[in-house]
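Have a look at the structure below, then the notes.
Protein chains get the first letters and strands the later ones, always in sequence-line order, with residue 1 at the start of each.
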2 protein chains.
Amino acid sequence: MIEGSPLRADAQRNRARILDAAEAIFAEFGTRASTEEVARRAGVAIGTVFRHFPTKDDLLAAIMKRLLAQLVEEAGKRDLFTFFTHLVAQAAAKKTVVDLLAGSGVDIRLPDAVGHLEEAVGRLLEQARAAGAVADSVRLPETMALLTSLCQGALHGGWDQQLQARTLTVVFAGLKRD
Amino acid sequence: MIEGSPLRADAQRNRARILDAAEAIFAEFGTRASTEEVARRAGVAIGTVFRHFPTKDDLLAAIMKRLLAQLVEEAGKRDLFTFFTHLVAQAAAKKTVVDLLAGSGVDIRLPDAVGHLEEAVGRLLEQARAAGAVADSVRLPETMALLTSLCQGALHGGWDQQLQARTLTVVFAGLKRD
DNA sequence: TATCAAAGTGAGTCTCCACTCATTATTCTC
DNA sequence: GAGAATAATGAGTGGAGACTCACTTTGATA
């Protein structure tokens with residue numbers, strides 16, 4: 001990544017505001033929400049949004065990168081099961097991550113960021129396996145597949161707490177022995 | 001449902017063509033595909049589509065009703081695990097069902113049709129439980145939740161055959177004992 | 001086969017939204 | 001603080017797509 005000249009103070013402030021607004025708007029209404037809406041929430045003119053992020057996809061890519069980084073950080077602090085549980089619980093509040101993990105509609109490539117998340121989950125998986133909490137036969141691909149599936153399910157299905165718990169119980173049982 | 005006067009022969013023919021075309025187009029490109037595209041595939045003018053289905057959502061509701069009915073029928077011929085496997089395998093080819101099960105974006109109510117599918121899966125679940133193939137503690141809500149999650153995951157993630165199998169293995173193990 | 005209601009047609013309307021750019025405002029540097 | 005560089009502004013453009021309607025065609029009925 002190449003560093004350009006440092007941003008002017010107002011530009012830095014606005015860039016941050018736009019990212020926050022975009023995260024909130026897209027989380028609430030999904031990625032179909034308009035860029036205009038984001039600008040309004042950020043208290044900024046539409047042109048400013050496009051100065052910082054030349055296309056809507058660039059904007060989406062930026063917030064998703066940020067969200068993924070957060071996930072990676074979170075993964076570092078938890079065990080596999082807790083991470084799953086937490087992510088699923090948050091899914092409904094984070095349409096964006098889910099849309100990204102799902103690759104739904106939006107044309108975005110974030111191989112690095114996604115790769116980092118996979119690595120983080122990979123570490124959790126190894127730990128869990130080492131502790132005997134997960135069967136040896138379970139590999140990373142299906143673990144990621146389950147993670148993304150459950151997030152999408154929880155999000156779109158609007159699962160309540162109980163349903164989240166019941167569903168995760170089944171999946172965890174499957175991870176422990178299969 | 002109130003029966004109007006019977007459709008004229010050409011109207012019946014076109015209605016069927018439109019439904020087939022819509023199913024194919026939406027399966028291939030998702031529900032974002034345009035009504036114009038559907039009309040073209042059906043070999044019919046755009047106005048004809050809108051005569052039969054006054055809004056795009058009406059069209060979507062119609063094909064989803066048909067697809068759900070097919071699923072219910074299929075559920076009647078299989079055991080729970082086979083049904084899961086088959087549905088997941090088909091998910092990638094049927095963006096539409098998944099979009100429906102997910103309720104993503106489109107504003108459609110099909111409580112009846114969805115209810116029938118739940119009933120069908122409920123029967124499969126009971127059979128599986130009776131045969132000792134599924135743990136007693138497993139209930140219908142989480143079974144449906146897993147079903148829809150996996151479909152969405154498989155669809156959006158573009159799972160290959162191996163990943164489908166591996167992921168289902170974990171889930172099936174979880175259903176057997178938890 | 002003559003009639004006419006039902007159905008088909010497709011150019012056109014309308015709305016929404018991503019994106020532009022000439023102009024104005026703010027920061028930075030000396 | 002003046003001048004230059006950078007950023008913000010927001011009315012405007014273009015294109016896509018859902019939906020309409022005046023007119024033409026077709027199928028059912030007598």
[X] [atom1] - [N] [atom2] separation (whole Å):
| X | N | atom1 | atom2 | result |
| --- | --- | --- | --- | --- |
| A:Ile25 | C:dC17 | CD1 | P | 12 Å |
| B:Arg40 | D:dA16 | CZ | P | 12 Å |
| B:Phe26 | D:dG17 | CZ | P | 12 Å |
| A:Arg51 | C:dT26 | CZ | C1' | 12 Å |
| B:Glu37 | D:dA18 | CD | P | 10 Å |
| B:Asp58 | D:dA18 | CG | P | 13 Å |
| A:Arg32 | C:dC16 | CZ | P | 15 Å |

Drop me the distance from A:Arg13's CZ to A:Ile18's CD1, to the nearest 0.5 angstrom.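 Result: 11.5 Å between the selected atoms.
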Residues that A:Gln12 engages under side chain to side chain donor-acceptor pair (under 3.5 Å), provided they are two or more places apart: none
Which residues satisfy the side chain to side chain donor-acceptor pair (under 3.5 Å) test with B:Ser34, sequence neighbours excluded?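 None.
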Quick check on [N]: is either OP1 or OP2 less than 4.0 Å from any side-chain nitrogen or oxygen of [X]?
| X | N | answer |
| --- | --- | --- |
| B:Thr48 | C:dA7 | no |
| B:Asn14 | C:dG8 | yes |
| B:His52 | C:dA7 | no |

Not counting sequence neighbours, which residues clear salt bridge (charged side-chain N to carboxylate O under 4.0 Å, His left out) with B:Asp10? List them please.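 Applying salt bridge (charged side-chain N to carboxylate O under 4.0 Å, His left out) to B:Asp10 gives B:Arg8.
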Can you name the salt bridge (charged side-chain N to carboxylate O under 4.0 Å, His left out) partners of A:Glu74, sequence neighbours left out?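 In terms of salt bridge (charged side-chain N to carboxylate O under 4.0 Å, His left out), with neighbours along the sequence ignored, A:Glu74 is linked to A:Arg78.
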Which pairs pass salt bridge (charged side-chain N to carboxylate O under 4.0 Å, His left out) with one or both residues in residues 137-151 of chain A, sequence neighbours excluded? A:Glu142-B:Arg166
Nucleotides 19-30 of chain D: protein proximity per nucleotide (B base, S sugar-phosphate only, - neither; heavy atom, under 4.0 Å): BB-----BSS--
